[in-house]
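Heads up, the thing below is written out as structure tokens.
Here is how names work: the chains are called A, B, and so on, in the same order as the sequence lines, proteins then strands, and each is numbered from 1.
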Amino acid sequence: MEGYDHRKIEKKWQEKWEHEKAFQAKDDTSKEKEYVLIEFPYPSGDGLHVGHIRSWTALDIVARKRRLEGKNVLYPIGWDAFGLPTENYAIKTGKDPRVVTKENTDIFRRQIKSLGLSFDWSREINTSDPTYYKWTQWIFLQLYKHGLAYKAKTLINWCPKDKIGLANEEVIDGACERCGTLVQKREKEQWMLAITKYAKRLYEDLDSVNYIEQAKIQQRNWIGPSEGAQIAFPVLGSDKKIEVFTTRPDTLYGATYVVLAPEHPLVLELAPLTKNKGAIETYVKATRQTSEIERTAEAREKTGILMEGICAINPGTKEAVAIFVADYVLGSYATGAIMGVPHHDERDFEFAKSKGLPIKEVIEALVVREQGEDAVKKDMPFTERRAVVAVIKHPSKDKYLGVRWKRTGWQGFVIGGIEEGEEAQEAAKREVREETGYKNIRAVGILGGPIHAQFYQTLKAENRFAHFQLVLVELGDEEKTEIAPEEKVLHEFLWLSPEKMTAFITHRDMQILWDRVIGKICYSGTGILVNSGQFSGLQSEEAKKKITEFVGGVWLTVFKLRDWVFSRQRYWGEPIPMILCKKCGWVPVPEDELPVILPEVTHYQPTDTGESPLATISHWIHTTCPSCGGEATRESDVMPNWAGSSWYYLRYCDPKNTKEFASPEHLKYWTPVDWYNGGMEHTTLHLLYSRFWHKFLYDLALVPTSEPYAKRTSHGLILAKGGEKMSKSKGNVINPDGLIERFGADSLRLYEMFIGPFDQPVIWSDTNIIGTRRFVERAWRLISTFTQHQKTVMSPEAVRMMSHSIAKISSDIESLKMNTAVSQLMILLNHLESTTPTMQALETFLRLLSPFAPHVAGELWEKMGTTTAMEKAGWPTTPKESATELEVALVALQINGKVRATIELPLKASEREALEKARLHPAISPRLARGKEVRAVYVPGRVINFVVSDVA
RNA sequence: GCCGGAGUGGCGGAAUGGCAGACGCGCGCGACUCAAAAUCGCGUCCCGCAAGGGGUGAGGGUUCGAGUCCCUCCUCCGGCACCA
């Protein structure tokens, strides 16, 4: 027997696949296609990461299975080559980024091939290749021509030491990634892409795609729609209006001030009308210099400045309200201005308190019970009741009396109805005496206004509409009188500290009242309007629309999503194909002059002014205007590295096309991507950006589908020891080359699939790879010693094992449960080893193994001397009429849910037969005899459970 | 704070509401060997000699039966975070 030599075998098969172009996708539209995609890598100097292997092997298994199933598979690879690390390396070494990229992609290509990944190398693309970025620039021009690319002033991250603009991902905890200097904000004109125009569609169309739920949720949160009203507050003595956005127009009558964001244009317009213009301008300036960490620091006190001498009119109350400028209001969200409603918004409450502004209650809480046995019954009238809630303070300690109702589990306070003509305080005293027996009530006071609750009163079988008044009761001492016995059994009492009480309370209405006792006055929920003119008495939902209408406001949806800052003051990216003419303004480069080639430079350092190194190349920068022929300059900013990756999956369909980014025929055949796997870290940037570009191209009828990816899955990260991310700087990166050399690509592939649930993060460990290596060796030993003397007919047990394995592995691959698929392969091999397998069984095993460990499977297949080529043999399927008809199964016998024995029973056994047999079992019959059998449950093929009372 | 995900042996982890710990790593014992490695066999949740009992972050609930479903809470991880 020849030993298993992974080096020899893997080299042989990799050469064979390369030579035969085994994985080239044919543009053969007569065959059913499958487009399987992984995120193309950034070719960093670190080489391939074990994390790449996890994702790519999983989809390689999918691609290989699809080929065996007869599909025409496109599984492409390329390079997302533009980007910061290469540029930073170039700055440090002076080496041309093109050369660095070439070196790195060579390393990646060699490593990928050594893993036996079945990529179609004939479609390899590179985003930094002019034949590729020509089309990236072309798409940008289309965006510009359709009004989706525009220039705007934005704040960029500026490192004052390196004198360089930083991308968000280079800012770590508010400091420059390289030198640690605190990052400042600097204003700069930048190209922007109007992704917000697509916000609604990007949000709604998530319903039409098969993404993992978490990715959908994250994108939805990121896009962040929010419905509300835009309401104008006129500025007194001026024709200006402050437009605020609010989701709670029902609280308008409680708006006691308005706030403008420091960036709001009205700030500078209104400042001259104020008495403190200078101070306002100083505040605005100061905000801009505040660093990111300071601004977002936790528990930071809200700052702001009053615009003295001017005020606005609350369109509801018609009263004058103060105008503030404060940086807790964001300039980039909604209208950049808010109305301050301190009583019903936590942030406004905090601000109003620090500025001494009026706090006005306009909503009384209404809690509607919607689930559980006391949920409001629809179509049933309400009976109204007034009630008191008595919060009783301990005579000496800082404790309050908690009440637990034994029957329902309701936990709260002493509570009771107010009788006809009774005062709330009187009612509270009476209830406290009756329920608790406390005699010496020292003080009683009403705390705040009423709150309301709607629920179903189970005892009386009616819908209740209760109005609670909170009464605070202090005791003189702990002396008690005996209470009525029928009261006594109803509840128990506990003295609780304020913290314990917060956890003790079970119902929301009681929680709201308790909040008042511990000083939380602000209530941000909905309820019934008060102090709101003609709207008083309405409920929040109804009042929202009515008040908006009354003050001439607009009901609309705003999004958290911001437009995409598309400029980078860098070198290693696609030049933005725009020209600034002194006469004509911004003029796009004519399409027939594309690509605008990224010129070679001598140094890659950005300039002191923060402009791209391109700005210093005068022969490139100075050009003529395509429109008027006059003097003009090129845009020196480049695109972000999200640009090339926003459409690369389209280029794979037709990578050599010089006339179009891809031909309509090829796109029609190959798109959409059927299965796209990538990291969760790309959910809100890359994935959203490419959906945006795709939808834009769809609107121009250049792509056939409205969504690029039909299905999206995600792999969990592979972490280094201690749960840290692997990075070169921490020196904890695992180089796969050594593992492939020692254990072989097949063992490594199997190990990465076996390491844990595919979608969860795992911590890398070197020791366990020995397990999959042993598995491969055992398969090798078993099959390479195979002789023709083997049995030719499978035992029923073998048939069962085989069909179960086929079904399990097939479905596990589809749901990326690769760890249990490998486990099943191991179980199957264990079985084959312990029996005398048939040739057919061994062949099926190899076909199941081949997507996971293609080299060794191919070699053993060949060794078996099978006449059909493995690719032709196809993916195994379970025989239609399997042996399940006759099957017997192990059935657990339980007494009161506890397993006492196991017996073999035919699947088809009737309940009577099964129970009869079970009752006779030595572990069962004595136990049945000792008690009284109440009932028996029979689940065929699974379990028999005897419910026995009074078992001794 | 808000939105997700996860808590199961020494470790990675299995388990359509139906025999908890599959499969693998590690460990222990044995076989082979002069010996070791490799390989093979057996064992390996906890308490107990055993019979038996206990056990899936904690506490309740639903069910004949709960790791799995419901409620309350704790811990860890990820994302967002003054979004009006």
Side-chain angles (χ1 to χ4, degrees), chain A residues 213-222 224-226 228-229 244-248 251 255 259 261 295-298 300 302 326-330 332-341 344-348 350-351 371-372 409 411 503-504 506 524 558-562 680-681 683-684 716-717 719 723 750-751 754-757 759-772 774-775 777-778 781 817 819-830 833 890-902 934-948:
Chain A
E213 208 45 37
Q214 223 189 321
K216 284 193 186 186
I217 290 166
Q218 268 189 33
Q219 283 207 2
R220 288 202 184 103
N221 287 345
W222 188 265
S226 160
V244 305
F245 176 75
T246 176
T247 56
R248 293 296 303 277
T251 64
V259 186
R295 241 183 117 155
T296 55
E298 237 174 291
R300 172 175 179 254
K302 289 185 173 30
D327 70 355
Y328 82 94
V329 174
L330 306 173
S332 50
Y333 180 70
T335 60
I338 61 147
M339 61 183 201
V341 186
H344 302 290
D345 183 283
E346 307 265 358
R347 297 152 302 181
D348 297 344
E350 195 192 319
F351 187 74
Q371 329 175 335
Q411 294 183 157
F504 178 76
T506 50
S524 56
V558 300
F559 296 90
K560 280 200 275 190
L561 186 69
R562 309 290 151 84
M680 278 309 292
E681 69 274 22
T683 304
T684 50
L717 289 177
L719 303 168
L750 281 163
Y751 174 56
F754 190 56
I755 194 167
D759 54 357
Q760 271 168 233
V762 285
I763 291 172
W764 179 266
S765 143
D766 271 341
T767 54
N768 292 328
I769 188 172
I770 192 70
T772 52
R774 281 181 195 149
F775 164 75
E777 284 181 18
R778 271 166 44 212
R781 232 173 295 130
K817 289 184 187 162
N819 55 333
T820 50
V822 173
S823 156
Q824 189 61 39
L825 283 168
M826 289 172 168
I827 292 168
L828 179 54
L829 179 63
N830 289 348
E833 281 180 329
L890 286 178
V891 173
L893 304 183
Q894 303 176 333
I895 300 281
N896 292 338
K898 240 181 160 27
V899 178
R900 297 296 176 181
T902 308
V934 178
R935 82 181 263 206
V937 181
Y938 172 52
V939 184
R942 293 264 185 203
V943 76
I944 293 171
N945 188 20
F946 293 103
V947 185
V948 180

Where do N or O atoms of nucleotides 52-60 of chain B meet protein N or O atoms at under 3.5 Å, pair by pair?
| residue | atom | partner | partner atom | Å |
| --- | --- | --- | --- | --- |
| G53(B) | OP2 | Arg900(A) | NH1 | 3.2 |

Quiz item: Mind checking the P distance from G24(B) to A14(B)? Whole angstroms is fine.
Solution: 15 Å
Self-check item: Listed partners of Arg942(A) passing side-chain contact (heavy atoms from CB on, under 4.5 Å), at least two apart
Solution: Val939(A)
Self-check item: Nucleotide-level pairing of RNA chain B, given in dot-bracket where Watson-Crick and G-U pairs need both distances under 3.5 Å and | marks other strands
Solution: (((((((..(((.....[....)))((((((.......))))))(((....)))..(((((..]....))))))))))))....
Quiz prompt | Heavy-atom closest pair, residues Ala936(A) and Phe946(A) | solution = CB-CD2, 3.8 Å
Practice problem: Give a yes or no on whether Lys302(A) atom NZ has more than 12 heavy-atom contacts from other residues, nucleotides or ligands under 6.0 Å away. | Solution: yes
Quiz item: Thr902(A): what forms a side-chain contact (heavy atoms from CB on, under 4.5 Å) with it, not counting sequence neighbours?
Solution: Leu890(A)
Practice problem: Look only at the side chain of Asn896(A) and the backbone of Val948(A), and say whether a donor-acceptor pair between them is shorter than 3.5 Å. | Solution: yes
Quiz item: Syn or anti for G9(B), taking syn as within 90° of 0?
Solution: syn
Quiz item: With distance as the sole criterion, do the side chain of Lys560(A) and the base of C80(B) form a donor-acceptor contact below 3.5 Å?
Solution: no
Exercise. Over 60° means perpendicular and under 30° means parallel, so classify the ring planes of Phe351(A) and Tyr328(A), tilted if in between.
Key: tilted
Exercise. Would you mind reading off the distance between Asn221(A) atom CG and G78(B) atom C1', rounded to a whole angstrom?
Key: 13 Å
Practice problem: Taking the side chain as every heavy atom from C-beta outward, state whether Met826(A) and Phe754(A) have any atom pair closer than 4.5 Å. | Solution: yes
Self-check item: side-chain N/O Tyr333(A) vs A84(B) OP1/OP2, d < 4.0 Å
Solution: yes
Exercise. Determine the interatomic distance between P on U16(B) and the same-named atom on C69(B); round to the nearest Å.
Key: 11 Å
Self-check item: Listed partners of Asn221(A) passing side-chain contact (heavy atoms from CB on, under 4.5 Å), at least two apart
Solution: Ile217(A)
Self-check item: side-chain N/O Thr683(A) vs G79(B) OP1/OP2, d < 4.0 Å
Solution: no
Practice problem: Locate the shortest heavy-atom distance separating Val329(A) from Gly336(A); write the atom from each residue and the value. | Solution: CG1-O, 3.6 Å
Quiz item: What distance, rounded to whole Å, do you find between the two C1' atoms, one in U63(B) and one in G79(B)?
Solution: 37 Å
Quiz prompt | Per-nucleotide protein contact string for nucleotides 18-30 of chain B (B base, S sugar-phosphate only, - none; heavy atom under 4.0 Å) | solution = BBS-BBSSS----
Quiz item: Roughly how far apart, to the nearest Å, are G60(B) and C46(B) at atom C1'?
Solution: 25 Å
